[in-house]
Amino acid sequence: MPRTSTPARRALLAVPLTCALLLPLVACDDKDTGRAANATGAPTSATAPTSATTPSPTDEVETQRLAKTRFVANASLAAGAAYQWIVKPYRAGKFQKGADGRKFALVKAGLAGGFTYNRLKAALNNAKGDPLLSKAVAPLSEGIESLKGLGTKLAAGTAGVADIGMFENVIGGVKEAGKDAGAEVTEKVPSAGEMAKGGSPAEVFAPAQPSPRQPHAPSNGSAMPEN
């Protein structure tokens, strides 16, 4: 059998050698191409910018509804306190010197004056959540501010007919503004104890919480030591 010439044998040996050298290069090229594609691809969820959430129409309606509800609650408490403990006893002559129960009536009137002012200020703040209601009550802010400090005059028995008239006028204006904005105010009379708390409706009329269970006293009748 004739022997293959040396150049031909070298060519045959060069083919597999060349393939062996080229395969790693091709693999590397494929990996580099993949990395480039990943680098230039779309950003992942971790890096993609997120759009800011905007309130939905449903959220806005709920905000306005809640604003009206809170406004009515606070304004109704103010109206009830002013009428029951300031206007009504004044008309009945309870604040006059020598009147029966005058001292107690003045104490309650003083509490009612401060309570009315605080609840009306809260109602003004509540109204900001509803554009129509906010616009309706905005002109009343000066009149409400004029009630500040009148509780002290009422308690001291130095409030006159003009001071009582200010309470009547301001409460009347609040009722009218609320009605025009679809937030009708009624009179909700707080007790003297509730006025002393001076809190929001949620605090004043919150249901009584059950007191924590007290540990049982020892059988020998001695008191439990305090921690």
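In this chain, residues are counted from 1 in sequence order.
- By the side chain to side chain donor-acceptor pair (under 3.5 Å) test, Ser141 pairs with no residue at all, sequence neighbours left out.
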Could you give the side-chain donor-acceptor pairs of residues 164-174 under 3.5 Å, partners two or more places apart or in another chain?
from, atom 1, to, atom 2, distance (Å)
Glu168, OE2, Arg91, NH2, 2.4
Asn169, ND2, Gly165, O, 3.2

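- A donor-acceptor pair under 3.5 Å is absent between the side-chain atoms of Arg119 and the main chain of Asn74, judged by distance alone.
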Got a list of side-chain donor-acceptor pairs under 3.5 Å for residues 107-117, not counting sequence neighbours?
from, atom 1, to, atom 2, distance (Å)
Thr116, OG1, Ala112, O, 2.7
Tyr117, OH, Glu145, OE1, 3.2
Tyr117, OH, Glu145, OE2, 3.0

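- Across all non-hydrogen atoms, the minimal contact from Gly129 to Gln64 is O-CG, 3.5 Å.
- Note that the NZ atom of Lys68 and the CG atom of Asn126 stand 13.5 Å from one another [nearest 0.5 Å].
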Would you be so kind as to tabulate the donor-acceptor pairs closer than 3.5 Å made by side chains of residues 151-162, with sequence neighbours excluded?
from, atom 1, to, atom 2, distance (Å)
Lys153, NZ, Asp163, OD2, 3.1
Thr158, OG1, Lys153, O, 3.3

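- One finds the CD atom of Gln84 at 11.0 Å from the OG atom of Ser191 (value rounded to the nearest 0.5 Å).
- Proximity of a side-chain donor or acceptor of Ser76 to a complementary backbone N or O of Thr186 within less than 3.5 Å is detected.
- Gly80 approaches Val189 most closely through the heavy-atom pair O-CG2, 4.0 Å.
- Judged as a side chain to side chain donor-acceptor pair (under 3.5 Å), and not counting sequence neighbours, the contacts of Arg65 are Glu62.
- To the nearest 0.5 Å, the span separating CG on Leu77 from CE on Met195 amounts to 11.0 Å.
- Taking every heavy atom of both residues into account, Ala123 and Ala75 meet most closely at CB-N, 4.1 Å.
- Once rounded to the nearest 0.5 Å, the distance linking CG of Leu147 with CG of Leu120 reads 6.5 Å.
- For the atom pair CZ (Phe95) and NZ (Lys103), the distance works out to 15.5 Å, reported to the nearest 0.5 Å.
- The nearest pair of heavy atoms linking Ala136 to Pro139 is O-CD, 3.5 Å.
- For Glu176, there are no salt bridge (charged side-chain N to carboxylate O under 4.0 Å, His left out) partners at least two apart in sequence or on another chain.
- Val87 and Ile144 fall within a single hydrophobic cluster, where Ile, Leu, Val, Met, Phe, Trp and Tyr are joined by side-chain heavy atoms under 4.5 Å apart, directly or via other members.
- Rounding to the nearest 0.5 Å places CZ of Phe71 at 7.5 Å from CG of Leu124.
- Minimum heavy-atom separation, Ser134 to Ala127: CB-O, 3.3 Å.
- Nearest heavy atom pair, residue Leu133 against residue Ala183, reads CD1-CB, 4.2 Å.
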